[in-house]
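Side-chain atoms are counted along with the backbone in the values below, which use heavy atoms only and exclude waters and symmetry mates. Order of the sequence lines fixes the chain letters, A, B, ..., with proteins taken first and strands second; residue numbering starts at 1 for each chain.
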Amino acid sequence: MMGFQPVLLWTDLLLFGLLGCIVLAGWAARRSEPMLAAWRRVGESGVGMVSLSLLMLFLLVGVLDSLHYRERLTPAAGAPMAADDRRQLSTEVRSALDAIAAPLRTRLEKTYSAPLAYSLFAKQTIEGADGTQRREFPRLKFGGASLQYPADDHVGDILGRIGIGLAVAAGLWLVCAGALVKGVAISRKVPVGAAWRAIWRGKGGLEWRAVLLTLGVVGLLVGPVAALATEYHVFGTDKVGQDVLFLTLKSIRTALVIGTLTTLVTLPLAVALGIMAGYLGGWVDDVIQYVYTVLNSIPGVLLIAAAVLMMQVVIDTHPQWFETAAERADARLLALCFILGMTSWTGLCRLLRGETLKLRELEYVQAARAFGVSTARILARHVLPNLMHLVLIALVMDFSGLVLAEAVLSYVGIGVDPGTVSFGTMINAARMELAREPMVWWSLVAAFIFMFVLVLAANLFADVVRDAFDPRAS
Amino acid sequence: MFAYIIRRLLYAPLILIGVNLLTFALFFVVNTPEDMARMQLGAKRVTPEAIERWKVERGYDKPLLFNAAAEGTDKLTGTIFFEKSLRMFVFDFGRADDGRDIATEINSRMGPSLAIAVPTFILGLLVTISFALLLVFFRSSYLDFWGVVMCVAMMSISGLFYIIGGQWLVSKVWHLVPISGYGEGLDASRFLFLPVVIGVIAGIGGSARWYRTIFLEEAGKDYVRTARAKGLSELQALFRHVLKNGMIPILTGVVVVIPTLFMGSLISESFFGIPGLGSYTIDAINAQDFPVVRAMVFIGSLLYIVGLILTDLSYTLVDPRVRLE
């Protein structure tokens with residue numbers, strides 16, 4: 001009996017809250033014709049749908065990694081089995097991703113091993129049964145452990161697994177494609193065959209073809225990787241023998257949290273202050289402009305460094321606040337988001353201030369003022385809705401920058417907690433490995449691939465969103 | 001215009017005071033000197049005497065804002081705020097935690113920082129503008145399309161990978177230049193080559209795409225069409241009209257950076273082991289050397305403000321329509 005208790009870390013709570021808000025906002029935007037039209041333009045763009053599906057896949061991994069729980073410990077042998085809710089909780093906080101990828105997490109090797117290898121990366125002295133000592137590459141404990149004659153069977157085994165993986169991926173893709181076509185057929189009230197032909201030719205509404213294509217390509221890559229991961233370390237292992245593939249998967253959540261939660265700080269500040277400065281003018285404008293000029297004039301990295309150093313002191317001097325190591329790492333991650341947010345709202349604020357200045361002089365706003373509508377109501381009804389496209393564009397554009405910033409900050413040593421797996425900590429660790437001879441390149445390559453795809457998808461999506469929402473773009 | 005500059009110059013100290021108050025609040029109010037002492041000393045040796053000694057050695061044994069025990073003006077000057085924060089206005093930065101004078105350190109490290117930042121800046125500007133002009137010259141062709149795709153892809157690569165990849169390829173595989181280090185005089189050039197090239201390449205993606213948008217917007221305007229209609233070749237139109245007018249928005253982003261070149265580039269200096277201000281800052285951050293970080297924040301914001309004023313001035317120089325009032 002494995003009991004467990006769900007744990008809601010602060011970042012989980014905020015992440016799910018944010019997702020809920022996005023869903024609600026999407027629901028509310030259904031009534032707004034221009035918003036709907038703009039989103040339809042995003043959906044009709046092939047690049048938009050490809051990048052959106054990739055982002056959704058990353059989000060899926062991130063959300064799985066945000067469902068945290070703590071296992072109940074099994075009592076020592078002989079001790080009476082207590083009722084489920086009485087047993088001690090493990091101090092380790094796990095996530096659903098940890099549970100799904102348990103084989104990856106638990107199969108620790110001794111140290112470095114190359115991708116798909118069956119032996120360690122460095123020679124070690126092994127004592128034979130007869131007391132003689134030999135220098136050779138020891139077999140891995142788990143990677144390729146089922147191979148009886150590894151030198152002969154290695155390649156064949158890998159090819160076989162790739163084949164199985166491809167077959168499973170193709171099957172899953174067919175199921176997905178079938179469900180999607182059926183859904184489109186129902187929503188458009190046409191026969192399935194007609195829906196399939198329309199999708200295939202890219203006709204009629206959203207670019208589902210791009211989604212299917214993306215899923216197909218991702219399946220081609222993920223299928224073999226998943227099949228191989230059951231037996232090998234696809235991206236090798238790091239210095240302490242952890243599976244690099246698992247580490248990269250864990251990094252995704254950190255990147256997503258930083259890229260999205262930061263907006264929880266920037267958004268209210270930028271919107272409220274930007275509108276106030278632009279609409280009210282006078283001394284309010286002066287004060288707000290002064291504040292953001294001061295914040296802007298401090299070089300970003302230094303301001304973040306100063307704030308993070310101070311936060312570290314606070315966290316270090318108050319160990320009693322955190323029950324588990326995961327909670328402390330989580331608090332640090334959240335504080336980092338907060339700090340990044342505090343230092344990055346100025347750009348959007350200035351943009352919104354300028355736009356509000358223009359809106360204030362428009363006839364319908366002046367008419368509302370002449371009718372005696374209260375300032376708060378004018379702001380909420382007439383000004384804010386007309387700024388939403390700018391806010392949305394800025395948020396989507398900021399995401400990729402924040403993901404990249406995390407890597408740099410973690411490298412400088414002012415990023416996430418060293419115990420939190422992130423692209424930055426991975427790169428930082430991999431940098432030391434490059435000096436080794438022969439070189440240990442795989443963790444760097446793994447981090448590079450995942451980060452590149454994530455940021456590229458975010459950048460492309462941001463472009464499409466900007467083109468769709470910016471009224472000045474033709 | 002003169003009055004405008006005077007006003008901007010008067011505004012500058014106001015902003016610096018704001019920066020000063022902010023850093024003061026961050027470094028001394030959020031965490032008391034006691035907290036810092038406790039962290040610096042480590043968990044083992046924390047005795048009240050040790051903390052007191054640490055504070056006296058570094059001059060943190062005074063009240064934060066108001067010294068009631070002192071006489072006369074010392075009531076205000078005998079405080080941490082005056083000693084540690086206000087002194088910076090006369091470029092008295094005090095000593096780092098290792099006892100070295102911060103101002104001397106900054107002086108000696110400025111040279112290497114500039115040696116890497118200035119070539120990167122100038123070359124980067126030349127390369128990106130030429131690249132953007134090339135894309136605009138071949139606009140709506142395959143070259144343009146794939147150029148933009150390349151820009152987006154290059155934007156999506158973290159700067160760390162450019163440096164690591166460059167070091168690996170150029171230094172480790174090709175053995176062209178040393179991986180890291182720094183030399184005196186002309187010898188320095190072989191250490192500077194790689195960081196400058198990588199700095200230029202890493203900057204192409206984002207800037208070239210942005211410049212291309214600016215040039216494209218300019219190239220679609222009526223006066224450019226007129227220029228073409230009266231018989232100017234596409235190249236002439238690009239260089240005589242589009243480039244000149246497109247430079248105005250580019251200047252805003254660029255001039256503000258010039259003064260901050262002194263600060264060095266944090267990441268590449270520490271990767272390449274160049275003893276400039278960037279690596280100084282990183283080392284200070286890693287060693288939690290707060291006086292150095294405070295000093296760099298102050299200098300950074302000072303340079304930024306200079307950059308803002310320079311930007312305003314450069315507007316009037318390149319665009320006669322702009323009048324500062």
Side-chain angles (χ1 to χ4, degrees), chain A residues 47 290-291 293-314 316-319 400-401 403-408 410-414 423-424 427-428 430-431 434-435 437 439 441 444-445 447-448 451-460 462-463 472, chain B residues 11-12 14-23 25-27 30-32 34-36 38-39 43 148 152-153 155-161 163-165 167-168 172 179 205 260 263 266-267 270-271 278 281-282 284-286 288 290 293-294 296-305 307-308:
Chain A
V47 179
Y290 176 72
V291 169
T293 319
V294 166
L295 273 179
N296 243 352
S297 64
I298 305 176
V301 181
L302 284 178
L303 184 57
I304 295 169
V308 169
L309 286 179
M310 289 305 114
M311 171 198 77
Q312 272 172 10
V313 178
V314 172
D316 286 350
T317 44
H318 298 92
S400 53
V403 174
L404 291 178
E406 185 275 329
V408 171
S410 295
Y411 166 76
V412 180
I414 48 175
F423 290 125
I427 297 170
N428 203 2
R431 205 171 69 89
L434 280 183
E437 200 63 49
M439 204 165 63
W441 47 268
L444 201 63
V445 169
F448 172 77
M451 207 170 151
F452 177 65
V453 173
L454 175 61
V455 176
L456 185 64
N459 273 334
L460 291 173
D463 274 3
R472 275 172 303 182
Chain B
Y11 195 46
L14 215 63
I15 293 175
L16 277 180
I17 290 172
V19 170
N20 223 296
L21 284 176
L22 187 74
T23 40
L26 263 178
F27 281 96
V30 176
N31 295 285
T32 56
E34 252 103 292
D35 289 334
M36 280 193 288
R38 210 161 282 147
M39 206 185 60
V148 175
V152 178
M155 272 167 66
S156 308
I157 298 174
S158 168
L160 298 173
F161 286 117
I163 298 176
I164 296 174
Q167 278 187 331
W168 172 73
K172 216 169 165 187
I179 285 192
T260 49
M263 294 285 289
L266 293 172
I267 304 300
S270 82
F271 259 99
T281 314
I282 297 241
I285 291 172
N286 282 330
Q288 310 208 324
F290 298 121
V293 177
R294 273 202 316 270
M296 296 312 280
V297 167
F298 184 79
I299 295 176
S301 33
L302 184 70
L303 293 173
Y304 179 82
I305 294 167
L308 280 186

Leading residue by heavy atom contact count with chain A [cutoff under 4.5 Å; candidates [options]]:
| options | result |
| --- | --- |
| B/S270, B/G18, B/S158, B/S301 | B/S301 |
| B/I164, B/I299, B/I282 | B/I164 |
| B/G307, B/A153, B/G165 | B/A153 |
| B/N286, B/L16, B/L302 | B/N286 |

Looking only at heavy atoms, what is the nearest atom pair of [X] and [Y], with distance?
| X | Y | value |
| --- | --- | --- |
| B/F161 | A/L444 | CE2-O, 3.8 Å |
| B/F271 | B/Q167 | O-NE2, 3.3 Å |
| B/S156 | A/N459 | OG-ND2, 3.0 Å |
| A/T293 | B/Y11 | OG1-OH, 4.4 Å |

Can you say whether [X] sits under 4.5 Å from chain A via the side chain, the backbone, both, or neither, judging by heavy atoms?
| X | answer |
| --- | --- |
| B/F298 | neither |
| B/I305 | side chain |
| B/L266 | side chain |
| B/I285 | both |
| B/L22 | side chain |
| B/F290 | side chain |

Scored by heavy-atom pairs under 4.5 Å with chain B, the best of A/P299, A/S400, A/G413 is A/P299

Do B/I15 and B/Y304 come close enough that some side-chain heavy atom pair is under 4.5 Å? no

Atom pair [atom1]/[atom2] of [X] and [Y] - distance to nearest 0.5 Å:
| X | Y | atom1 | atom2 | answer |
| --- | --- | --- | --- | --- |
| B/L160 | A/N428 | CG | CG | 8.5 Å |
| B/R294 | B/T23 | CZ | OG1 | 7.5 Å |
| B/M155 | A/L404 | CE | CG | 8.5 Å |

Check each atom of [X] against the heavy atoms of chain B and say whether the ones under 4.5 Å are side chain, backbone, both or neither.
| X | value |
| --- | --- |
| A/N296 | both |
| A/Y290 | both |
| A/L456 | both |
| A/L295 | side chain |

So, A/F423 versus A/Y411, ring centres under 6.0 angstrom or not? no

Run the side-chain contact (heavy atoms from CB on, under 4.5 Å) check on A/L454 and A/M451 step by step: do they pass? CA-CA 5 Å; A/L454 175 61; A/M451 207 170 151; 5.8 Å; no

